[in-house]
There are 2 protein chains.
Amino acid sequence: MTSRQYDLGGAELEVLKVLWDEGPVTVRDVMTHLHDNGRQVAYTTVQTLLTRLEQKRYAASDKSGLAFVYRAKVSRDRVTRYRRKVLLSQLYDGAAGPLVLQLVRTEKLTPEEVRELQALIDELDTRR
Amino acid sequence: MTSRQYDLGGAELEVLKVLWDEGPVTVRDVMTHLHDNGRQVAYTTVQTLLTRLEQKRYAASDKSGLAFVYRAKVSRDRVTRYRRKVLLSQLYDGAAGPLVLQLVRTEKLTPEEVRELQALIDELDTRR
DNA sequence: GGCTTCCTCCGACAAACGTAGTAGGTTGTC
DNA sequence: GACAACCTACTACGTTTGTCGGAGGAAGCC
């Protein structure tokens, strides 16, 4: 259990998302965005979170003017893929099929999404 | 952050899965199953995990003969649904569509699964 | 009746996480 | 040049999670 790659807590992820969405930002910028999202958190808490993200190599920083500016070092896609994989292996025995079926059955898809899905299936069909 | 319902760590989930798959079992049973799955873990560790599961109301136990027998109190479906929801809200903004598309695109579905998926889509289509 | 085996109860401990306070430096403004 | 506003560095602390060890009691065996 020592791999733990792309493993981060909820609060850390929240901060990383700000980095993804807002590009290079300062501690204060992140705090402001979190506050805007209704997440009341102290300045130094954000700072700690960013420092940890940097220790874990999910982010990097440079001194720019009077404050450090942080940016993400891992892509959203990479983290997302990893989490998806974890969910799949932890609860679906690694099989994507059942998860897909459940999602389509229980969550509302937009017409647009349904169209795309149909297109994908067609492709899978003709490919065989 | 005080809801934390259906929130359990990886090791706790492993134990819960044994309860789901094997029905009422003793500490030793669980340990044996974990060992069979390649997870080397001490007897008392399993005991602690089961105790915590019980504290969190995910499991219950009765004294049966000389050892306690544990059983799951939450369904696999309930936990699975919750975890799915967490993934969705943490990384997909709550929208299932993108996740479904990614899964279909990147994971191999069996022909059978594709057929089921097609059937589901057809239903969605005619329902509109 | 003593030895081995199993079980439960408790305590413990390190790492990870979420959260934040304090100290001390830089800067901008009257 | 003093004060307010910011910034970084460091420390800290409670909770959760993963992992066990030891003490002490019932049971089976010879």
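Throughout, protein chains are lettered first and strands after them, A, B, ... in sequence-line order, and every chain is numbered starting at 1.
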Worksheet item: Taking 4.0 angstrom as the limit, do A:D21 and A:R76 come out as a salt bridge?
Response: yes
Under 4.0 Å between any heavy atoms, over every strand shown, what does [X] touch: base, sugar-phosphate, or nothing? Just pick one.
X	answer
B:F68	sugar-phosphate
B:R28	sugar-phosphate
A:T48	base

Nearest to the side chain of [X], heavy atoms from C-beta on, is which of [options]?
X	options	result
B:K63	D:dG18, D:dT8, C:dT8	C:dT8
B:Q47	C:dT8, D:dC20, D:dA9	C:dT8
A:K56	C:dA12, C:dA20, C:dC17	C:dC17

Could you state the atom-to-atom distance from [atom1] of [X] to [atom2] of [N] in whole Å?
X	N	atom1	atom2	answer
B:Q40	D:dG18	CD	C1'	15 Å
A:M31	D:dC7	CE	C1'	12 Å
B:E54	C:dC10	CD	P	13 Å
B:Q90	C:dC17	CD	C1'	14 Å
B:D29	C:dT8	CG	P	11 Å
B:D7	D:dT16	CG	C1'	9 Å
A:L13	C:dC17	CG	P	12 Å
A:E12	C:dA15	CD	C1'	13 Å

Practice prompt. Would you tell me if any nitrogen or oxygen in the side chain of A:T45 comes within less than 4.0 Å of OP1 or OP2 on C:dG18?
Written response: no
Discussion item. Does a side-chain N or O of B:Y43 approach OP1 or OP2 of C:dT8 to a distance below 4.0 Å, or not?
Written reply: yes
Item to complete: Assess whether one donor atom and one acceptor atom, taken from the side chain of A:T44 and the base of C:dG21, lie less than 3.5 Å apart.
Response: yes
Worksheet item: Checking only heavy atoms, does the side chain of B:R52 share a donor-acceptor pair with the base of D:dG18 at less than 3.5 Å?
Response: yes
Worksheet entry | Short side-chain to backbone donor-acceptor contact, A:W20 and A:V74, under 3.5 Å | yes
Discussion item. Quick check against the 3.5 Å criterion: does A:K17 have a side-chain atom that pairs as donor or acceptor with the backbone of B:L91?
Written reply: no
Discussion item. Heavy-atom nearest nucleotide on DNA chain D for A:A67 versus B:V46: which residue maps closer to 5'?
Written reply: A:A67
Worksheet item: Does a side-chain heavy-atom distance below 4.5 Å link B:V15 with B:Y70?
Response: no
Discussion item. Can you see whether A:Y92 engages B:R84 through a side-chain donor-acceptor pair at a distance of less than 3.5 angstrom?
Written reply: yes
